[in-house]
> 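The structure's right below; bear with me while I get my questions together.
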Amino acid sequence: MNHFELFGLPVNFELDNASLAITYRELQRSLHPDNFANNSERERLLAVQKSSQVNDAYSILKSPIQRAEYILAVCHEDIRGEQQTLQDPMFLMQQMEQHERLEEIPHSADPEQEIADFDDELTLSIKAYLQEFNKLISAEHYNDAANVVRKLKFVCKLQTQLSTLEDSLLDY
Amino acid sequence: MALLQIAEPGQTAAPHEHKLAVGIDLGTTNSLVASVRSGSAETLVDKTGRDILPSVVHYTTDSVVVGDDAAQQAITDPENTISSVKRLMGKAFTDINTTRIPNVLVESASGQPLIKTVAGELNPVQVSAEILKALAARATETLAGELNGVVITVPAYFDDAQRQGTKDAANIAGLNVLRLLNEPTAAAIAYGLDAGQEGIIAVYDLGGGTFDISILRLNKGVFEVLATGGDSALGGDDFDHLVADWISAEAGLVSEQSLAMQRLLLTEAKHAKQALTDNDSVEINIALEAVNWQGILSRTTFEDLIQPLVKRTLLACRRSLKDADISKDDVLEVVMVGGSTRVPLVREKVGEFFAQEPLTSINPDKVVAIGAAIQADVLVGNKPDSDLLLLDVTPLSLGLETMGNLVEKVIPRNTTIPVARAQEFTTFKDGQTAMTIHVLQGERELVDDCRSLARFSLTGIPPMAAGAAHIRVTFQVDADGLLSVSAMEKSSGVSASIQVKPSYGLSDNEVANMLKDSMTYAKEDVTARMLAEQQLEADRVMESLIVALQQDGKALLSDVEQSAIETAIQTLYQIRQGNDRDAIEKEIETVDKLTQDFAARRMDASIRKALQGQSVDKV
């Protein structure tokens with residue numbers, strides 16, 4: 001049973017987050033191990049497994065990037081865990097520039113503002129890539145869609161690094 | 001017994017008997033026990049009417065005293081009086097700043113701290129078990145019956161070793177743990193159910209020894225933790241230490257102080273702190289040994305002392321909001337929990353940070369125990385129609401050591417539990433036949449900066465070229481936040497697994513031995529208890545099968561299957577009446593195998609039902 005089936009949904013990139021959340025709560029209401037506190041060991045174990053599966057599916061489906069990657073895995077090929085294979089000099093060049101920008105932040109006059117601005121830009125570019133992905137996957141252009149997901153992963157990684165930098169500047 | 005009725009189709013089960021369940025707040029400074037009685041949750045009091053039990057244990061050669069009576073021995077017999085033991089739980093000896101502990105600590109062979117007393121060298125788990133026993137005894141007496149189960153609260157930011165230690169302590173105290181519940185979540189239940197709230201709430205929990213911040217979404221009885229953060233070594237005790245240091249400096253005391261002087265300073269510091277909640281200044285007198293000092297501590301000076309610690313808590317709040325992807329404006333309500341939130345500076349700064357007046361309507365000392373009692377009542381089965389559902393998260397990332405002393409995260413912090421995640425690894429040498437799996441917890445990238453939870457080996461991998469083996473390591477975290485890890489080489493099916501027993505925790509054998517040593521069971525036969533536990537498990541198996549057959553037998557089973565299961569239940573029932581523990585265990589296994597399919601079908605059916613109910617709602 002794939003994650004979409006588990007939630008009774010068609011395999012589709014666009015989905016309604018509010019109703020996804022409702023379905024999630026309904027599923028956990030009947031499967032969460034707390035409902036089985038007085039049951040046999042076997043049933044408790046089974047509940048832990050099923051409930052874990054629902055949590056996993058939910059975390060993937062509600063995150064647009066993970067959902068994109070997952071749809072690709074269901075429809076075409078699984079690129080999760082692959083080594084980087086993106087061949088797009090323009091994009092890679094841009095990535096290098098952005099990494100330089102990231103490294104400069106601690107030395108800038110107002111690192112906090114710089115982080116916020118950079119983060120906003122990355123969020124916008126993620127949004128644009130997701131729209132592009134949606135078009136490509138609907139048209140069944142899987143290879144192009146896969147390349148968009150690869151780019152998304154680069155941008156997301158950058159955003160994570162940015163947030164780690166923010167944490168370290170704030171002395172966590 | 002109702003059991004025999006099952007063979008008669010159409011017969012209803014015996015009406016639900018009320019089961020006894022309590023919630024226990026096992027705190028650093030104080031502990032409480034609460035229960036739902038005639039519909040409302042309340043804390044249980046001792047003979048003198050007090051509900052707060054100081055988490056202090058005093059040992060003599062032949063007795064153990066817990067609570068106020070123990071606390072009175074703190075200055076006269078500091079070596080044998082143990083307070084704030086929670087701060088030692090699940091820690092390595094090397095983790096501990098021993099100058100901060102007014103006891104004599106020694107290191108065990110496995111690197112754990114042991115407290116030296118006249119009653120021997122004690123593990124923090126054993127000491128915690130004494131506090132649990134005292135609370136359980138109070139509950140058994142007040143509720144007039146044996147407890148069916150308990151919910152014990154732990155700081156949300158407790159790591160695996162600290163959680164496992166708490167569970168081991170309950171085990172030694174002879175308690176059936178229904179759930180380890182995170183303290184902020186418990187507080188949210190107490191508040192949320194009270195007010196029927198919907199929306200985002202933040203729980204700021206500053207106790208004696210720990211700080212937690214949790215961000216939750218409340219929706220129709222579902223408490224979904226979005227993020228949690230904190231510091232498992234920051235609390236009111238640290239305020240006391242800062243004040244004690246200040247007194248030492250002002251009074252010109254030597255740095256090497258006697259245990260009695262350390263205790264006195266801490267006690268006076270705590271009193272001063274508490275007095276400053278309602279006063280602008282407080283007079284402090286220290287008269288012990290050759291010292292005779294008087295001085296005045298103003299609230300302003302006190303606030304200067306603790307300011308850096310309060311700031312640290314606010315940084316954690318900021319990070320949790322970010323993890324939850326929530327802005328401050330989204331927070332509908334801020335709930336204050338823990339005695340240390342009485343400090344005016346804490347209230348003021350938290351209020352400033354969230355730009356709203358924090359909620360303090362429920363006594364911050366009691367709110368956690370009350371929430372735990374509500375959850376215990378539901379879990380034990382007294383409220384079959386309850387809407388309450390808790391979805392908690394892992395407070396810290398879990399990962400594995402990889403090449404170059406780096407940590408590869410398998411489950412990131414703030415992932416909803418229960419959760420199972422797998423990661424694939426490969427061998428790095430030709431012909432490699434074994435692999436060491438090192439499990440770590442923490443946010444940092446380097447192995448040395450994270451908490452080592454466990455190491456185990458996967459052996460017997462068939463020799464292959466480097467990189468050809470596919471080793472799948474699976475992490476499973478249950479609803480209590482406890483981790484188990486398994487590893488398997490895919491092509492050969494060679495596997496290894498462990499229930500993570502933290503490096504600084506107790507082994508199963510040690511727990512069993514402590515159980516045997518513990519006073520309660522010294523006179524009793526340990527085997528009798530093990531038999532009773534097996535019988536209880538048999539009862540659970542039978543009871544849940546009976547209910548399952550009534551609900552779904554007709555729909556999901558053929559007549560042949562149904563009667564096979566009924567026969568198996570009858571057999572188990574007969575064997576359970578005897579006193580052969582192994583035979584009962586074996587028969588449970590048989591029933592288990594026979595009903596495996598049925599259980600799986602029921603799970604699938606409930607998924608379908610959940611989805612159906614959903615689509616009907618939408619229409």
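Note on naming: letters A, B, ... go to the chains in the order of the sequence lines (proteins, then strands), and numbering restarts at 1 for each one.
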> Any carboxylate oxygen within less than 4.0 angstrom of a Lys/Arg side-chain nitrogen, looking at A:E43 and B:R602?
yes
> Heavy-atom distances under 4.5 Å only: say whether B:E224 touches chain A with side chain, backbone, both or neither.
side chain
> Which residue out of B:L178, B:I417, B:N219, B:L390 racks up the most heavy-atom pairs below 4.5 Å with chain A?
B:N219
> Does the pair B:D478/A:R44 count as a salt bridge with the N-to-O cut at 4.0 Å?
no
> Side chain of A:D56, backbone of B:R421: donor and acceptor closer than 3.5 Å?
no
> State whether the side chain of A:N39 and the backbone N or O of B:S544 hold a donor-acceptor pair below 3.5 Å, judged by distance alone.
no
> Under a 4.5 Å heavy-atom cut-off, does chain B meet the side chain of A:L6, its backbone, both or neither?
both
> Say you draw a straight line from OG1 of B:T416 to OH of A:Y24; how long is it, rounded to the nearest 0.5 Å?
4.5 Å
> Using non-hydrogen atoms only, which part of B:Q476 is less than 4.5 Å away from chain A: side chain, backbone, both, or neither?
side chain
> Considering only heavy atoms, which portion of A:L27 lies under 4.5 Å from any heavy atom of chain B: side chain, backbone, both, or neither?
both
> Could you check whether any side-chain N or O of A:R29 sits under 3.5 Å from a backbone N or O of B:D387, counting only pairs where one atom can act as donor and the other as acceptor?
yes
> Ignoring hydrogens and geometry, is there a side-chain-to-backbone donor-acceptor pair from A:N55 to B:V419 under 3.5 Å?
no
> Is A:T164 in contact with chain B via its backbone, its side chain, both, or neither, using a 4.5 Å heavy-atom distance?
neither
> Verify the neighbour count for atom CD of B:E445: are there more than 12 heavy atoms of other residues, nucleotides or ligands below 6.0 Å?
no
> Are B:R318 and A:E166 within salt-bridge range, i.e. N to O under 4.0 Å?
yes
> Could you tell me which portion of A:F36 (side chain, backbone, both or neither) has an atom closer than 4.5 angstrom to a non-hydrogen atom of chain B?
side chain
> Using non-hydrogen atoms only, which part of A:A47 is less than 4.5 Å away from chain B: side chain, backbone, both, or neither?
both
> With rounding to the nearest 0.5 Å, note down the distance linking CD in A:Q28 to CG in B:L389.
6.5 Å
> Less than 4.5 Å to any heavy atom of chain A: does that hold for the side chain of B:L536, its backbone, both, or neither?
neither
> Verify, without hydrogens or angle tests, whether A:E26 (side chain) and B:L611 (backbone) share a donor-acceptor contact under 3.5 angstrom.
no
> Locate the shortest heavy-atom distance separating A:L46 from B:A600; write the atom from each residue and the value.
CD2-N, 3.7 Å
> Pick one of side chain, backbone, both or neither for B:V541, based on which atoms fall under 4.5 Å of a heavy atom in chain A.
both
> So for A:Q53, is it side chain, backbone, both, or neither that comes closer than 4.5 Å to the heavy atoms of chain B?
neither
> What part of A:S51 gets closer than 4.5 Å to chain B, counting heavy atoms only: side chain, backbone, both or neither?
both
> Can you measure from OG (A:S30) to NZ (B:K609) and round to the nearest 0.5 angstrom?
8.0 Å
> Roughly how far, to the nearest 0.5 Å, is CD of A:Q49 from CE of B:M603?
9.0 Å
> Starting at CG of B:L388, measure out to CG of A:D34 and round the result to the nearest 0.5 Å.
8.0 Å
> So how far is it from B:T595 OG1 to A:R42 CZ, rounded to the nearest 0.5 Å?
7.0 Å
